[in-house]
Amino acid sequence: MSTQMAPPVDIFDFVVNKCNGVKGLADSGIQSLPDRYSLPPEERLDPTKIVTEDSIPIIDVSDWNDPKVTESICEAACKWGFFQIVNHGLTLEDLDKIKDAGHRFFGLPKEERAKYWKGKSPANTVSLSTSFSPQAEAVLEWKDFLSFRYVSSDPEASALWPPVCKFQVLEYMEKAKIVIKRLLEALLKGLNVKEIDQAREYVLMSSPVINFNYYPRCPSPELAAGVGPHSDISTITVLLQDDNGGLYVRATEGDCWIHVPPVNGALVVNVGDALQILSNDRYKSIEHRAVANRNKNRISVPIFVDPAPDAVIGPLPEVLEDGEKPIYREIVFSDYSKYFFSKGYEGKKTMDYARI
């Protein structure tokens with residue numbers, strides 16, 4: 001016997017205020033996309049603007065000490081702002097376990113999921129949300145996300161995380177930390193930074209956030225945004241896709257998009273706004289977007305490698321030592337973050353906040 005509910009009348013109230021999320025909306029049995037999720041035609045992903053002859057680099061990082069690996073990473077960060085890495089040390093089992101943990105959480109009954117809804121969660125290091133900034137958006141995104149703020153030095157920070165996924169998230173982050181440090185060492189070498197000491201680590205990677213981004217089956221994915229065009233505010237983001245695909249990156253030229261196909265065992269890495277600022281525009285934080293799937297529930301697992309909230313970010317001294325003029329002023333990362341989250345996505349316009 002079907003357990004589907006009747007589709008709700010007030011979509012925003014049902015999804016946001018009643019803490020059902022878009023998962024609850026999909027479970028209600030809706031057959032057509034609600035207006036609140038329908039993008040105006042000019043904002044939809046235009047199939048004629050998807051470039052098929054271009055693809056972002058795939059870099060084998062099995063030997064992190066090989067200078068060619070560092071060179072390839074820095075080159076990709078300059079030209080594309082995105083690349084995929086393989087042979088990074090995380091096993092296929094590690095990757096499958098974290099994706100399965102995400103599906104387990106979103107497979108919980110609504111009452112269990114709602115315990116972690118933003119503003120009601122038992123801990124400030126875990127929260128369930130929907131869309132990007134629902135109160136500020138004209139069109140909602142077809143996405144729910146469970147977000148964890150990882151504090152490795154404090155076991156109490158994860159004490160109240162959902163039991164169905166807590167252990168897997170902690171295990172994945174412990175292993176991913178090694179990859180993140182290696183990536184940042186390579187990227188910083190390209191900026192003439194010899195080593196990442198404790199002070200630099202604080203600025204670069206002190207406050208990582210890991211999400212389960214969940215995109216339930218969508219009746220009309222071509223009309224909706226899974227995630228709208230935006231750049232990340234992180235230093236870098238390390239993303240695990242599932243095999244459904246759906247990630248698109250702004251092409252280097254023209255108003256076009258490049259699909260990032262899932263590669264078995266790969267992680268997608270992108271430069272965030274913070275690293276673009278630190279590099280004084282040598283590295284590019286590129287717009288990207290995601291689409292949902294008509295037939296399958298899609299999940300992705302990004303780690304946003306963020307500076308500490310009170311870290312001051314600006315162009316690195318090593319970048320400016322030959323007399324290069326700074327393009328950005330020094331800003332406190334939490335101020336930049338608050339500005340970013342205070343509105344709907346605006347592509348790359350957030351960076352104007354930091355520009356001189």
Side-chain angles (χ1 to χ4, degrees), residues 11 15 21-23 25-26 29-58 76 79-84 99 130-134 137-145 211 213-232 237 239-264 266-272 284-302 344-350:
I11 296 292
V15 170
V22 76
K23 168 76 163 67
L25 192 57
I30 59 162
Q31 300 298 310
S32 60
L33 189 73
D35 289 345
R36 198 64 206 265
Y37 286 91
S38 184
L39 289 167
E42 67 276 9
E43 291 181 21
R44 294 170 192 164
L45 181 60
D46 182 347
T48 67
K49 292 185 176 178
I50 297 170
V51 184
T52 51
E53 58 271 21
D54 267 345
S55 60
I56 67 166
I58 299 171
K79 182 180 178 184
W80 300 95
F82 267 82
F83 52 94
Q84 300 203 63
K99 286 183 286 190
T130 193
S131 195
F132 171 67
S133 185
E137 292 167 302
V139 178
L140 298 175
E141 294 177 336
W142 194 264
K143 176 194 74 173
D144 293 337
F145 60 100
N211 279 9
N213 288 349
Y214 186 81
Y215 309 84
R217 285 187 296 272
C218 179
S220 301
E222 71 284 358
L223 305 181
V227 178
H230 70 288
S231 62
D232 296 339
T237 301
L239 172 79
L240 172 61
Q241 296 199 80
D242 68 9
D243 56 8
N244 292 319
L247 173 64
Y248 292 84
V249 173
R250 174 83 68 187
T252 52
E253 292 176 13
D255 183 23
C256 295
W257 297 88
I258 300 166
H259 184 231
V260 182
V263 173
N264 198 29
L267 294 168
V268 181
V269 182
N270 65 278
V271 173
K284 304 292 187 288
S285 172
I286 298 295
E287 274 182 275
H288 49 287
R289 66 197 301 170
V291 296
N293 191 293
R294 189 184 303 275
N295 302 310
K296 292 180 179 176
N297 299 321
R298 177 177 179 262
I299 200 156
S300 66
V301 187
Y345 283 140
E346 292 183 326
K348 289 283 295 170
K349 286 182 183 171
T350 306

Q. P229 versus Y248: any side-chain heavy-atom pair under 4.5 Å?
A. no
Q.
Treating D232 as the side-chain partner and G272 as the backbone partner, does any N or O pair qualify as donor plus acceptor under 3.5 Å?
A. no
(Q) For a quick test of reading the model, state the closest non-hydrogen atom pair linking A76 to P57 and the distance between them. (A) CB-CG, 3.9 Å
Q) Any side-chain heavy-atom pair from D242 and Y215 closer than 4.5 angstrom? A) no
Q. So do the side chains of L247 and S300 get within less than 4.5 Å of each other, counting heavy atoms only?
A. no
Q: Could you list the residues that satisfy side-chain hydrogen bond (donor to acceptor under 3.5 Å, both in side chains) with D255, not counting sequence neighbours?
A: K49, R250
Q. After noting the C-alpha distance and the side-chain angles of E137 and V139, does the key distance pass the side-chain contact (heavy atoms from CB on, under 4.5 Å) rule?
A. CA-CA 5 Å; E137 292 167 302; V139 178; 6.0 Å; no
Q: Begin from the C-alpha positions of H288 and I286 and carry the test side-chain contact (heavy atoms from CB on, under 4.5 Å) through to its verdict.
A: CA-CA 6 Å; H288 49 287; I286 298 295; 5.8 Å; no
Q | Heavy-atom pair with the smallest gap, counting every atom of T252 and K79 | A | CG2-O, 3.2 Å
Q.
Nearest 0.5 angstrom please: I30 CD1 to I11 CD1, how far?
A. 6.5 Å
Q) Closest heavy-atom contact between W257 and E287? A) CZ3-O, 3.9 Å
Q: Walk me through it: do C218 and L33 pass the test side-chain contact (heavy atoms from CB on, under 4.5 Å)?
A: CA-CA 8 Å; C218 179; L33 189 73; 3.8 Å; yes
Q: Mind checking the CG-CG spacing from L223 to D35? Nearest 0.5 Å is all I need.
A: 10.5 Å
Q) Between P216 and A292, which heavy-atom pair has the shortest distance, and what is it? A) O-CB, 4.2 Å
Q. Checking side-chain contact (heavy atoms from CB on, under 4.5 Å) for the pair T130/L140: CA distance, chi angles, key distance, verdict?
A. CA-CA 8 Å; T130 193; L140 298 175; over 6 Å; no
**Q.** From E141 atom CD to L39 atom CG, the distance as rounded to the nearest 0.5 Å
**A.** 9.0 Å
Q. Counting N and O atoms only, with roles assigned by atom type, does the side chain of R217 sit under 3.5 Å from a partner on the main chain of R298, one being a donor and the other an acceptor?
A. no
Q.
Quick one about Y214 and N297 (side-chain donor to acceptor, distance below 3.5 Å, no hydrogens or angles considered), yes or no?
A. yes
Q: Could you list all the salt bridge (Lys or Arg N to Asp or Glu O under 4.0 Å) pairs where at least one residue sits in residues 37-46, not counting sequence neighbours?
A: none
Q: Identify the two heavy atoms, one from V260 and one from Q241, that lie closest to each other, and give their separation to 0.1 Å.
A: O-NE2, 3.0 Å
Q: Would you confirm whether D144, through its side chain, and V22, through its main-chain N or O, come within 3.5 Å as a donor-acceptor pair?
A: yes
Q) Rounded to the nearest 0.5 Å, how far apart are OG of S131 and CZ of F145? A) 8.0 Å
Q | Pairwise distance CD1(I258) to CD1(I50) - rounded to 0.5 angstrom | A | 11.0 Å
Q. Counting N and O atoms only, with roles assigned by atom type, does the side chain of R289 sit under 3.5 Å from a partner on the main chain of G228, one being a donor and the other an acceptor?
A. no
**Q.** Results of side-chain hydrogen bond (donor to acceptor under 3.5 Å, both in side chains) for K23 - residues two or more places apart only
**A.** D27
Q | Euclidean distance, N244 CG relative to K296 NZ, rounded to 0.5 Å | A | 5.0 Å
Q. In terms of the angle between their ring planes, are W142 and Y37 parallel, tilted or perpendicular, with boundaries placed at 30° and 60°?
A. perpendicular
